[in-house]
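Reading through the structure tokens given below for one structure.
Just so you know, these numbers use all the heavy atoms, side chains as well, and skip hydrogens, waters and symmetry mates.
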Amino acid sequence: MFVKGTEKQDCTIDNSTKFYTDAAGPVISVLENLSLYVAEIGQRQLLRKQLANILAFKCKLDSNTLLCSLEIMNRALVNDVHAHYRNKEKPYPGGENSVLFTEVAKYLENVGLNDPFGKIYVTTEVLFDLAAIMFLLLLKQIGKFTFEAHLGVKPVKKSTIDDSPFAIGVMTLMKQFHSSVIPEFFAYIGQYIKSLLNDTLENPKTTTYPVEVQKILLFVEVFIKFGNIERSIVEEYIPAYVFTEFLPK
């Protein structure tokens, strides 16, 4: 029902608060358990990133020549791969079945030059409506965050889930699937924000905008930062002026 009701993502949804509340209702218990697993994934990713930073710093002090050599080799291999896919006549580095990348990856991880946030950890099959599931999970969790102008979005005292691990967990989970999942996720967010703002403008009794808009925009900012997502992709679904208008200055 939720996917059918939001399939025209360029349009806003009337009485959006009731619609989204009703959509999340049947799966609220499942989302509660899922949010804990997602946050745990995010926490482990933050630990991996911290360890990578420590290794890179230590290697730079103890063996800067090795670190620089691996950086140059990694950059050269990436450039060769890009050149191959731009022009198929150019050979793929090491050949199609080469173990070159596997071996180089081991060295890069040992010196902290890897990016845990961008890594594909598992091979997965297509999961129907994953973006919709993750969006409903976000709606369920965003209500547990409080907004403070100087601190941004933080968990309420009763919640054990922080915003950054949760955002990174959502990002990591979706990156294990097809690349179209993340843009579709942003499309749901964009439709939600526009629907909330539209309902607010049409209600003469409302004098303030929903705080949920600020919370979700701050979540998106964390997502963009750690996921290395191009802002142009996000702005296809969430106009730039929305960030300018509703994010704290």
Got a salt bridge between K215 and E212, using NZ or NE/NH1/NH2 to carboxylate O under 4.0 Å? no

Whether E40 and R44 form a salt bridge (side-chain N of Lys/Arg under 4.0 Å from carboxylate O of Asp/Glu) is what I want to check. yes

Contact check, side chains of E221 and K225, non-hydrogen atoms, under 4.5 Å: no

Taking every non-hydrogen atom, the tightest pair across P165 and Q43: CB-CG, 3.7 Å

Could you measure the distance from the CG atom of L196 to the CD atom of Q191? Nearest 0.5 Å is fine. 11.0 Å

Is the closest side-chain heavy-atom distance between Y188 and L138 below 4.5 Å? no

Using a 4.5 Å cut-off on heavy atoms from C-beta on, say whether the side chain of F19 contacts that of S195. no

I168 backbone acceptor or donor facing Q45 side chain under 3.5 Å: no

Straight-line distance of L36 CG to Q141 CD, nearest 0.5 Å: 8.0 Å

Do Y241 and V234 share a hydrophobic cluster (ILVMFWY, side-chain heavy atoms under 4.5 Å, transitive)? yes

Are the aromatic rings of Y237 and Y192 close, with centres under 6.0 Å apart? no

To the nearest 0.5 Å, what is the distance between CD1 on I229 and NZ on K175? 5.0 Å

Check: E32 main-chain N/O paired with S35 side-chain donor or acceptor under 3.5 Å: yes

Rounded distance (nearest 0.5 Å) linking atom CZ of F223 with atom CD1 of I216: 13.0 Å

Honestly curious: do L46 and V170 fall in one hydrophobic cluster under the side-chain, below-4.5 Å linking rule? yes

Greater than 12 external heavy atoms within 6.0 Å of N87's CG: yes

Using the six-membered ring of F117, assess whether NZ or CZ of R48 lies under 6.0 Å from its centre and within 45 degrees of the ring axis. no

Any ion pair linking K119 and D115 (charged N to carboxylate O, less than 4.0 Å)? no

Review item, side-chain donor-acceptor pairs of residues 64-80, under 3.5 Å, at least two apart:
| residue | atom | partner | partner atom | Å |
| --- | --- | --- | --- | --- |
| S69 | OG | T65 | O | 2.8 |
| N79 | ND2 | R75 | O | 3.2 |

Look up atom CG in L137 and atom CG in L34, then write down how far apart they are to the nearest 0.5 Å. 5.0 Å

Interatomic distance, I193 atom CD1 to L217 atom CG [nearest 0.5 angstrom]: 4.0 Å

Can you establish whether the number of heavy atoms outside Y121 located under 6.0 Å from its atom OH is more than 12? yes

